[in-house]
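See structure below.
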Amino acid sequence: MSARRLAGALLVLLAACDSAALPPRPSADVYEFRLATTPPRVLHWPSGNTVRIYVAGGTVDGQAGALASALAQGPAAWNRSALFGEYRLAATAELAAADVLLRWSGEASPVDLSQCPPGGTRAVTTFCLNSGRDRLQAFPLAAGGMSRVKMVVTILPSQLTIPGRVPVLVTHELGHVLGIARHSDEPRDLMYDGELSVTLPSRRDQATVQVMYQTAPEIVP
Amino acid sequence: MVVAASSFCLSLLLVLPAAAQQPRLDLRAGLLASSTLVEDLLATPALKARFPGLGSAPRARAALAPELEAGATLPLGPRVALDGLLGWQPATLQATDDAGTRDVQRMTVLHALLGLEFAARGPLVVGGGVGMIRYRSAARGLFADGADLAPLVRLAAGGRWPWSGHALTVRALADVHRFGSPLLRAAGGSGGGVFRYGLQLGVVPGGAR
């Protein structure tokens, strides 16, 4: 075989052996996700972390089980975007193991929220920055002592009156739990700040969380 | 590649009637390493300008893992044998990015191979084969929608020694196959080639010649 043929065969072999690749994300597919500080700062869990979510409450008639049911689909919807194991959302039955608390507004909370009280109209994710503003503080337990809970998701019970609303709100808030600290201006995104018309993360939501987790965090829980 | 595999199988069918000996069990165990399975080229210059902390492309590969193969070897002549093998490799998908390397999920790599092995000089043997390979894993991440069944080509070289009526073998091997998945295509990505390489020890009971 001549050197030219051998070189040609090697080139074909090399071309055939480029590894599989996901394409670059267009800039328009990624919305602002950084915390609105000056300058904006990236907040997300350390890569490879499993973020455990504990459901509290549901003692009131009609509320029992609704949050747990919502949590059956929200984590899976977001975990689908973690192609390289950047994060994993999972439910836990143990408050002591929880990084995140999911609760109804108006019900007693197992962690003390007095330092960082939740606001919001329909649903809100709350956290407290430490004095160095580079980490999140753990919430104290209401019964005394410290929890490992760094974020609290609060849902207004009034949302139960709208069919299908609570699971969508929970999945939206889990986007904030992952670190998306802003909202999309596109109504077809799950992280839109308005009436939600989708139930799952959109392509833009997925691209945003993927880019966010490949961006070095300046604030870590 | 499919055409090449078909031609290969056809040539084997022409050779088979000449085989007079019985097939023998062929057992092999080894360690296989892998090149990158998937790379994510997510960061455009525009995105890097918007988000200065955005890192380089994350990539995933199968970690170095043991592999088992079992099948049959059929002598076609004094210096050539036909091998049919099924392989199983329990592996871990590992991802590497600017945050480091981490285990992502367990997976199983299954393959089937049909090949020829030639006795070269003394104990030296060389061989090659074609087959199919499939990655199986829990339906999440890169495997959210499964993975394709893909063609595989293997080359190997090593030695074969008689021992108490059996044959012991040592092989260095390299194979190349495609990796693709519905998730990759849905995201606008493309499948690509993967190299695996490693060492195998084997035994052919009663196979001394």
Side-chain angles (χ1 to χ4, degrees), chain A residues 12-34 39-50 75-90 179 200-201 203 206-220, chain B residues 1 34-61 93-105 139-145 147-148 176-181 183-195:
Chain A
V12 168
L13 188 66
L14 285 174
C17 292
D18 269 355
S19 57
L22 287 156
R25 311 299 188 274
S27 193
D29 274 7
V30 180
Y31 49 82
E32 179 60 72
F33 53 79
R34 292 172 296 186
R41 301 172 82 185
V42 180
L43 182 162
H44 65 69
W45 300 84
S47 288
N49 219 60
T50 296
W78 282 107
N79 288 345
R80 209 179 144 80
S81 304
L83 302 180
F84 297 88
E86 296 92 335
Y87 61 83
R88 194 164 98 79
L89 294 171
L200 296 171
R203 191 185 66 172
Q206 293 180 7
T208 299
V209 77
Q210 287 163 351
V211 166
M212 180 174 75
Y213 269 84
Q214 292 304 326
T215 306
E218 292 149 310
I219 303 170
V220 290
Chain B
M1 191 170 284
S34 171
S35 67
T36 296
L37 212 59
V38 179
E39 186 176 22
D40 191 345
L41 309 171
L42 85 169
T44 60
L47 277 175
K48 285 200 168 185
R50 278 176 68 194
F51 305 111
L54 181 55
S56 52
R59 54 197 181 279
R61 69 197 300 168
L93 184 71
Q94 279 187 336
T96 301
D97 57 20
D98 285 3
T101 297
R102 59 185 167 272
D103 293 349
V104 177
Q105 62 193 94
R140 64 171 190 267
L142 290 170
F143 293 95
D145 299 319
D148 299 345
V176 60
H177 63 271
R178 297 280 297 174
F179 179 80
S181 73
L183 182 140
L184 276 171
R185 289 188 288 278
S190 58
V194 181
F195 280 110

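The figures that follow rest on heavy atoms only: side chains count, while hydrogens, waters and symmetry mates do not. Please read these numbers as outputs of a predicted model, since none were measured by experiment.
Heavy-atom distances place the backbone of B/S56, and not its side chain, under 4.5 Å from chain A. At a 4.5 Å heavy-atom cutoff, the contact between A/E32 and chain B is made by backbone and side-chain atoms alike. In this structure, no portion of B/R61 lies under 4.5 Å from any heavy atom of chain A. Heavy atoms of B/A60 lying under 4.5 Å from chain A belong to its backbone as well as its side chain. The part of A/A82 that comes within reach of chain B is its backbone (N, CA, C, O), which places non-hydrogen atoms under 4.5 angstrom from that chain. Proximity to chain B (any heavy atom under 4.5 Å) is shown, for A/E86, by both the backbone and the side chain. Residue B/P45: no heavy atom, backbone or side chain, is found under 4.5 Å from chain A.
Separation of atoms CG (B/L41) and CZ (A/R25) is listed at 8.5 Å; rounding is to 0.5 Å. For the atom pair CZ (A/F84) and CG (B/L42), the distance works out to 8.5 Å, reported to the nearest 0.5 Å. Interatomic distance, B/K48 NZ to A/T215 OG1, rounded to the nearest 0.5 Å: 10.0 Å.
For the set B/G191, B/G100, B/G180, the count of heavy-atom pairs under 4.5 angstrom toward chain A peaks at B/G191. Note: B/G188 leads B/G188, B/A57, B/A99 in heavy-atom pairs under 4.5 Å with chain A. Residue with the most contacts toward chain A among B/S35, B/P58, B/A49: B/P58 (heavy-atom pairs, distance under 4.5 Å).
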Query - Pair A/R34-B/F51, side-chain contact (heavy atoms from CB on, under 4.5 Å): steps then yes or no - result: CA-CA 9 Å; A/R34 292 172 296 186; B/F51 305 111; 3.8 Å; yes
Query raised in the report: Is there a side-chain contact (heavy atoms from CB on, under 4.5 Å) between B/L54 and A/Q214 once you walk through the steps?
Result: CA-CA 6 Å; B/L54 181 55; A/Q214 292 304 326; 3.8 Å; yes
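For B/R50 and A/S27, the side-chain atoms include at least one donor-acceptor pair closer than 3.5 Å.
Checking B/V38, B/L183, B/L184 one by one against A/L83, the side chain to side chain contact (heavy atoms under 4.5 Å, CB included) holds for a single residue, B/L183.
Of residues 41-50 of chain A, those residues with a non-hydrogen atom less than 4.5 Å from any non-hydrogen atom of chain B are, in numerical order, A/S47, A/G48.
Of all heavy-atom pairs between B/T36 and A/S19, the closest is O-CB, 3.5 Å.
A salt bridge (charged side-chain N to carboxylate O under 4.0 Å, His left out) check over residues 94-105 of chain B, counting only residues at least two apart or in different chains, returns the pairs B/D97-B/R102.
At least one side-chain heavy atom of B/D145 sits under 4.5 Å from a side-chain heavy atom of A/R80.
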